[in-house]
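Here the structure is laid out as structure tokens; the discussion comes afterwards.
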Amino acid sequence: MRLAVLASGEGSNFQALLDARAAGHLDVDFVGVFCNRPAARVLQRARDAGVPAIGLDPRHSATRAGFDERLFSRIEDVQPDLIVCAGYMRLIGADQVDRYDGRMLNIHPSLLPAHPGLDTHARAISAGDRRHGASVHYVIPALDAGPVIAQAQVPVLPGDDADALARRVRSREHPLLVACVRLVSQGRIAKHGSAVRFDGRTLAEPLQLDHDEELHSP
Ligand code: GRF
């Protein structure tokens, strides 16, 4: 499977995918890392791993749609089977999303449908949530609203601030993303309309990441 990654910053989720592949746990080819911040660390991680690294600055495009067209024409050049948004902090226009329907995943740091958008950790604490976590979902034009494949849950502990909670979530994001990409690359997960199919059966609820780092039906 030819995998393209979109990211904006640190790239720890991308690194988790790289490490899983190096360890023989993920059978994918990284065909490019695409980033809207040319100085982001994720691009250096890609270069260090010998993966084509493309940083494009949105300020060089007159419009949002123009930037998306520029970005996605570079993505099209590498002919990905799957695009993974791993910390890509920019909205993608519906034209591009629709072209990759069923072939684009996003990892979001909340238990969707709770807390779409930004500042999810602070919002989970303010809401008094007892559980928080991360979701991997198919991308659709509406923000953080596509069918959810799987989630990893963590407790919200007394005294947590947003940073402490973010660190707890981040440590589960990595195995969650690896496990989801593995199942998709094996053809075991697919989008069917607004539903997710796992081994040919429609999921009534997202899969859950267990302590063995595998995904199970709840
Ligand atoms: C992750 O928490 C991701 O869920 C969020 O942005 C963060 C990116 O982290 N949307 P990294 O760049 O993968 O380290």
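All ligand and atom numbering here is 1-based and tracks the order in the structure. When a residue number appears, it is its place in the shown sequence, counting from 1.
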Numbering as shown, the atoms of ligand 1 that approach Met89 to under 4.0 Å (heavy-atom distance):
6 (O), 10 (N)
Do the numbers put Arg103 on top of the ring of Tyr138, so that NZ or CZ is under 6.0 Å from the six-membered ring centre and no more than 45° off the axis?
no
Going through the checks in order, is the salt bridge (Lys or Arg N to Asp or Glu O under 4.0 Å) test met by Asp27 and Arg182?
CA-CA 7 Å; Asp27 187 15; Arg182 185 186 306 124; over 6 Å; no
Passes side chain to side chain donor-acceptor pair (under 3.5 Å), Arg99 versus Gln96? Steps please.
CA-CA 5 Å; Arg99 272 167 65 192; Gln96 314 301 336; 2.8 Å; yes
Which residue supplies the protein heavy atom nearest to atom 6 (O) of ligand 1, what is that atom called, and how far is it?
Gly87 CA, 3.7 Å
So is there a nitrogen or oxygen of Ser12 less than 3.5 Å from a nitrogen or oxygen in ligand 1?
yes
Give the atoms of ligand 1, by number and element, whose distance to some non-hydrogen atom of Glu10 is under 4.0 Å.
12 (O), 14 (O)
Ligand 1 and Gly11, any nitrogen or oxygen pair closer than 3.5 angstrom?
yes
Which residue owns the protein heavy atom closest to atom 4 (O) of ligand 1, what's the atom, and how far is it?
Glu173 OE1, 3.1 Å
Report yes if some heavy atom in the side chain of Arg90 is under 4.5 Å from a heavy atom in the side chain of Arg37; otherwise report no.
no
Taking Asp29 for its side chain and Val31 for its backbone only, find out whether a donor-acceptor pair lies under 3.5 Å.
no
